[in-house]
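Please read these numbers as outputs of a predicted model, since none were measured by experiment. Heavy-atom basis, side chains included; hydrogens, waters and symmetry copies ignored.
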Amino acid sequence: IGNIPEHWKFCKLKHLSHLISKGTTPSTLGRDILETGEIRFLKAENIVDNKVSCTPEFYIDNITHGLMKRSKLQEDDILFVIAGATVGKVAIMPAELTPANTNQAVSFIRLIDKSMALYIWNVLQSDMTKKYIWQNAVQSAQPNISMEDLGNLKIPLPGVNEQNQILSGTDTGLPEGMAMALPVHPQVLAECDRVHPARRHCRRHGPSRVRGKQESDQCGRAAQRTAG
């Protein structure tokens, strides 16, 4: 992506995540997709303009949702289209659309530190990520990227102040390929801070420590140093 500041770190997406997985097709379980129902069922066509769209509407019942417990979506999960013509589209799962589930064309990324969701969402829209996706996409009947390749995507980790500048569109010295698709309006950041106290703490004091097996490759310490 060009020259980057020496204090920036890189960390694979899988080492910043509790879970990277995908859904399945209800018909493989002998279940149906419904026109109305209790649980929203998201497909690739529900990721529009890098947001989750309510239309077209698909649903499953609670029994199917239970059978598909692996892919029950949570607030702040990052949804990433991994198959089809819209591969690479990305969105953040909003609380108001849960409970929800998804199919095999949509991956969900559950971050260890959910306060980083907006930043990671922006990185996944960058030219750097688009180039990586298309270099690694399998060109069959429809393009697709493997879960392994998605997890191996290297995420640049600048300091938390620089992350905020990137999100607000005020950082004019970004390396080539790191320009974000859409700066996040300050009012959006303020609303996210209001709704998510942990995110507000992160933006003021830096990300919380990354825990778990991911510390073995020092990404936890790299993430912690973004506060500097």
Quick one: closest heavy-atom pair of Met128 and Pro156, and the distance? CE-CD, 3.8 Å
Note, Arg70 side chain near Ser21 side chain (heavy atom, < 4.5 Å): yes
Taking it one step at a time, do Leu157 and Met116 satisfy side chain to side chain contact (heavy atoms under 4.5 Å, CB included)? CA-CA 10 Å; Leu157 292 177; Met116 295 181 67; 3.5 Å; yes
Side chain to side chain donor-acceptor pair (under 3.5 Å) partners of Thr36, counting only residues at least two apart: none
NZ/Lys14 to CG/Leu150 distance, rounded to the nearest 0.5 angstrom? 11.0 Å
Derivation and outcome, side chain to side chain contact (heavy atoms under 4.5 Å, CB included), residues Thr64 and Ile39: CA-CA 9 Å; Thr64 308; Ile39 310 297; over 6 Å; no
Lys154 atom NZ, neighbour heavy-atom count above 12 within 6.0 Å: no
Could you tell me if the side chain of Pro99 sits less than 4.5 Å from the side chain of Arg40, heavy atoms only? no
Taking side chain as C-beta onward, heavy atoms only, is Asn152 less than 4.5 Å from Asn136? no
Any idea which heavy atoms bring Met68 and Thr102 closest together, and the distance? CE-O, 3.5 Å
Are any non-hydrogen side-chain atoms of Arg31 and Asp61 less than 4.5 angstrom apart? yes
Taking only residues two or more places apart in sequence or in another chain, which ones pass side chain to side chain donor-acceptor pair (under 3.5 Å) with Asp149? Ser146
Ser17 side chain vs Leu13 backbone, donor-acceptor pair below 3.5 Å: yes
NZ of Lys51 to OG of Ser53: how many Å apart, nearest 0.5 Å? 9.0 Å
Is there a donor-acceptor contact under 3.5 Å from the side chain of Trp121 to the main chain of Asn50? yes
Partner residues of Asp32 under the salt bridge (Lys or Arg N to Asp or Glu O under 4.0 Å) criterion, sequence neighbours left out: none
Within the 3.5 Å criterion, strictly below it, is a donor on Gln104 or Thr25 matched to an acceptor on the partner's side chain? yes
Who are the side chain to side chain donor-acceptor pair (under 3.5 Å) partners of Thr86, not counting sequence neighbours? none
I want to check something: taking the side chain as every heavy atom from C-beta on, are Glu35 and Tyr59 in contact at a cut-off of under 4.5 Å? no
Tell me who clusters with Leu73, hydrophobic residues only, linked when side chains sit under 4.5 Å apart either directly or through other members. Leu19, Leu42, Ile47, Val52, Leu79, Val81, Met93, Leu97, Val106, Phe108
Which value, rounded to the nearest 0.5 Å, describes the distance between Ile120 atom CD1 and Gln125 atom CD? 12.0 Å
Between Ser107 and Ile82, the two heavy atoms sitting closest are CB-CG2, 3.6 Å
Going through the distances and angles, do Leu34 and Phe41 end up as a side chain to side chain contact (heavy atoms under 4.5 Å, CB included)? CA-CA 9 Å; Leu34 310 172; Phe41 187 70; over 6 Å; no
In the structure I gave you, are the side-chain heavy atoms of Met147 and Ile20 within less than 4.5 Å of one another anywhere? yes
With salt bridge (Lys or Arg N to Asp or Glu O under 4.0 Å) as the rule and sequence neighbours excluded, what pairs involving residues 83-110 come up? Asp77-Arg110
Grouping I, L, V, M, F, W and Y whenever their side-chain heavy atoms are under 4.5 Å apart, do Leu29 and Ile33 come out in a common cluster? yes
Where is the tightest heavy-atom contact between Ala44 and Ala105, given as atom of each residue plus distance? CB-CB, 4.5 Å
Atom pair CD1 (Ile155) and OH (Tyr119), whose distance is rounded to the nearest 0.5 Å: 7.5 Å
With a 4.5 Å heavy-atom cut-off, do Val87 and Ile145 have their side chains touching? yes
How long is the span from the SG atom in Cys11 to the CG atom in Leu16, to the nearest 0.5 Å? 4.0 Å
Are Ile63 and Phe58 co-members of a hydrophobic cluster defined by side-chain heavy atoms under 4.5 Å apart? yes
What distance do Asn101 atom CG and Thr24 atom OG1 have between them, rounded to the nearest 0.5 Å? 9.5 Å
Minimum heavy-atom distance between Asp76 and Lys114, given as atom pair plus value: CB-CD, 4.0 Å
Let me see the working for Thr98 and Lys72 under side chain to side chain contact (heavy atoms under 4.5 Å, CB included), right down to the final yes or no. CA-CA 9 Å; Thr98 58; Lys72 290 182 178 181; over 6 Å; no
Taking the side chain as every heavy atom from C-beta outward, state whether Ser71 and Lys22 have any atom pair closer than 4.5 Å. no
Minimum heavy-atom separation for Phe80 to Ile133, with atom names? CZ-CD1, 3.7 Å
